[in-house]
Trainee: 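There's a structure below that I have some questions on.
This one's a predicted model, so the numbers in the text were calculated from it and none came from an experiment. Letters A, B, ... mirror the listed sequences (proteins, then strands); counts begin at 1.
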Number of protein chains: 2
Amino acid sequence: MRADARRNRERILAAARELFAGGPPEVQMDELAQRAGVGVGTLYRHFPDKEALMGELVRERFELFNERLQVAVADAPSRAADALIEALRANAGGLAQDAATRFAFMSGGERVFAHAEAEAGEFLRLCEILVRRARRSGGLAPGFRAEDIPMLMCGVCATAEVHKPGWDWERHLELVIRGMRG
Amino acid sequence: MRADARRNRERILAAARELFAGGPPEVQMDELAQRAGVGVGTLYRHFPDKEALMGELVRERFELFNERLQVAVADAPSRAADALIEALRANAGGLAQDAATRFAFMSGGERVFAHAEAEAGEFLRLCEILVRRARRSGGLAPGFRAEDIPMLMCGVCATAEVHKPGWDWERHLELVIRGMRG
DNA sequence: ACCTGAACACCGTTCAAGT
DNA sequence: ACCTGAACACCGTTCAAGT
């Protein structure tokens with residue numbers, strides 16, 4: 001990949017992070033290209049369509065999620081449940097500060113997630129390790145499953161998008177954690 | 001309102017319920033009008049824009065939610081927590097069977113909810129009555145608030161939209177209920 | 001190899017003409 | 001009063017021409 005192409009790709013992603021963070025009213029592809037300082041054609045050369053661009057934001061976020069889960073996996077198996085919950089808090093906090101990626105998570109369809117399939121698979125795999133350990137060492141509700149984690153986190157993410165009195169993703173997360181614990 | 005106008009309005013809503021239930025790929029206004037057997041202009045005469053049409057689905061759903069909550073309010077104050085939770089299960093079940101309205105809930109923006117502001121306010125008011133009673137008679141976690149209910153239900157609704165192995169709105173709801181209980 | 005932006009296609013919305 | 005649908009406007013996407 002040529003140096004200018006790589007730089008353009010980075011600029012496009014940076015522009016997406018800036019503009020999607022502003023949220024709806026809808027961000028346009030022309031606007032995105034202009035902010036990145038490239039032509040629209042270049043945008044489409046790097047990302048086949050708008051969903052692929054959002055998909056890349058999601059993919060990179062899953063990488064960050066997985067780093068945190070790796071930290072929890074590296075922790076002592078005896079405190080797997082606590083380590084898992086700390087990782088969830090850290091991940092939710094990171095996403096809460098990244099409105100652009102939250103927008104991509106919520107407003108994209110299936111295709112956005114298809115772009116991050118490998119990373120989402122790894123996410124689930126790491127959750128499974130931690131849930132399996134926690135099942136032995138305790139601290140999780142009986143019957144709690146690894147797949148419950150992305151499902152519940154999706155709800156917390158949805159909350160972070162809504163700006164209404166009483167809606168608070170940290171509160172939502174803590175209520176969910178209470179349900180997770182044994 | 002003239003009889004033919006009223007009939008057209010109903011037909012448009014019926015078409016919206018049918019077509020939105022198919023979910024993305026996007027439903028178009030022309031398609032909606034055709035299914036309803038009216039011209040696009042008629043569609044716009046009844047609903048100023050697409051979000052207003054989705055807003056009407058949301059508004060009517062809140063009315064159903066409130067009916068269920070009224071049943072819980074009519075129940076004995078001593079079992080307010082159980083009655084509230086039964087109402088939540090019934091409401092979630094109703095929404096789970098109505099893909100069109102779920103689509104409206106999730107993919108619409110602020111403006112969709114603005115259309116149902118009165119009904120959403122009533123929803124919260126009824127939740128407040130039940131939470132206040134439950135606080136006295138027990139069965140809810142200390143510190144649980146009425147505003148937590150729409151927030152948590154939004155998460156359950158988001159789950160119902162995702163068709164992935166292990167994603168199950170009923171499971172999500174039960175995990176959330178476990179967190180609500182004292 | 002990669003970039004550009006005018007042109008195209010699609011779909012939400014409007015409005016002049018009709019009943 | 002209400003309805004119709006051709007026309008318009010907007011924005012995602014393509015592609016012929018350029019470097």
Trainee: I need the CG-C1' distance between Asn8(A) and dC2(C), as an integer number of Å.
Mentor: 9 Å
Trainee: Side chain of Arg2(A): nearest nucleotide among dA6(C), dT4(C), dA1(C)?
Mentor: dA1(C)
Trainee: For DNA chain D, whose closest nucleotide is more 5', that of Glu26(A) or that of Gly41(A)?
Mentor: Glu26(A)
Trainee: Show, in sequence, the C-alpha distance, side-chain angles and deciding distance for Leu53(B) and Ile12(B), and conclude whether the side chain to side chain contact (heavy atoms under 4.5 Å, CB included) test is met.
Mentor: CA-CA 9 Å; Leu53(B) 177 55; Ile12(B) 289 164; 4.0 Å; yes
Trainee: Closer to the 5' end of DNA chain D via nearest nucleotide, is it Asp30(B) or Gly39(B)?
Mentor: Gly39(B)
Trainee: May I ask which nucleotide in the shown strands pairs with dC2(C), Watson-Crick or G-U wobble, both distances under 3.5 Å?
Mentor: dG18(D)
Trainee: If we call it a pair only when both distances are under 3.5 Å in a Watson-Crick or G-U wobble match, what pairs with dC8(C)?
Mentor: dG12(D)
Trainee: Should His46(B) be listed as having a side-chain N or O under 4.0 Å from OP1 or OP2 of dC2(D)?
Mentor: no
Trainee: Could you check whether Arg102(B) pairs with Asp98(B) (Lys NZ or Arg NE/NH1/NH2 to Asp/Glu carboxylate O, under 4.0 Å)?
Mentor: no
Trainee: Provide, to the nearest angstrom, the distance between the CG atom belonging to Asp4(A) and the C1' atom belonging to dC3(C).
Mentor: 8 Å
Trainee: If you compare every side-chain N and O of Tyr44(B) against the phosphate oxygens of dT13(C) (OP1, OP2), does one of them come in below 4.0 Å?
Mentor: yes
Trainee: Rounded to the nearest angstrom, tell me the gap between atom CG in Leu19(A) and atom P in dC11(D).
Mentor: 14 Å
Trainee: Assess Lys50(A) against Tyr44(A): is NZ or CZ under 6.0 Å from the centre of the six-membered ring, and within 45 degrees of the ring's axis?
Mentor: no
Trainee: From C-beta outward on Val38(B), which listed nucleotide comes closest to its side chain: dT4(D), dG5(C), dT13(C)?
Mentor: dT4(D)
Trainee: As a quick check of understanding, evaluate salt bridge (charged side-chain N to carboxylate O under 4.0 Å, His left out) for Arg6(B) and Glu10(B), giving each step before the final call.
Mentor: CA-CA 6 Å; Arg6(B) 182 181 308 276; Glu10(B) 285 314 311; over 6 Å; no
Trainee: Given atom CD of Gln28(A) and atom C1' of dG12(D), what is their separation to the nearest angstrom?
Mentor: 10 Å
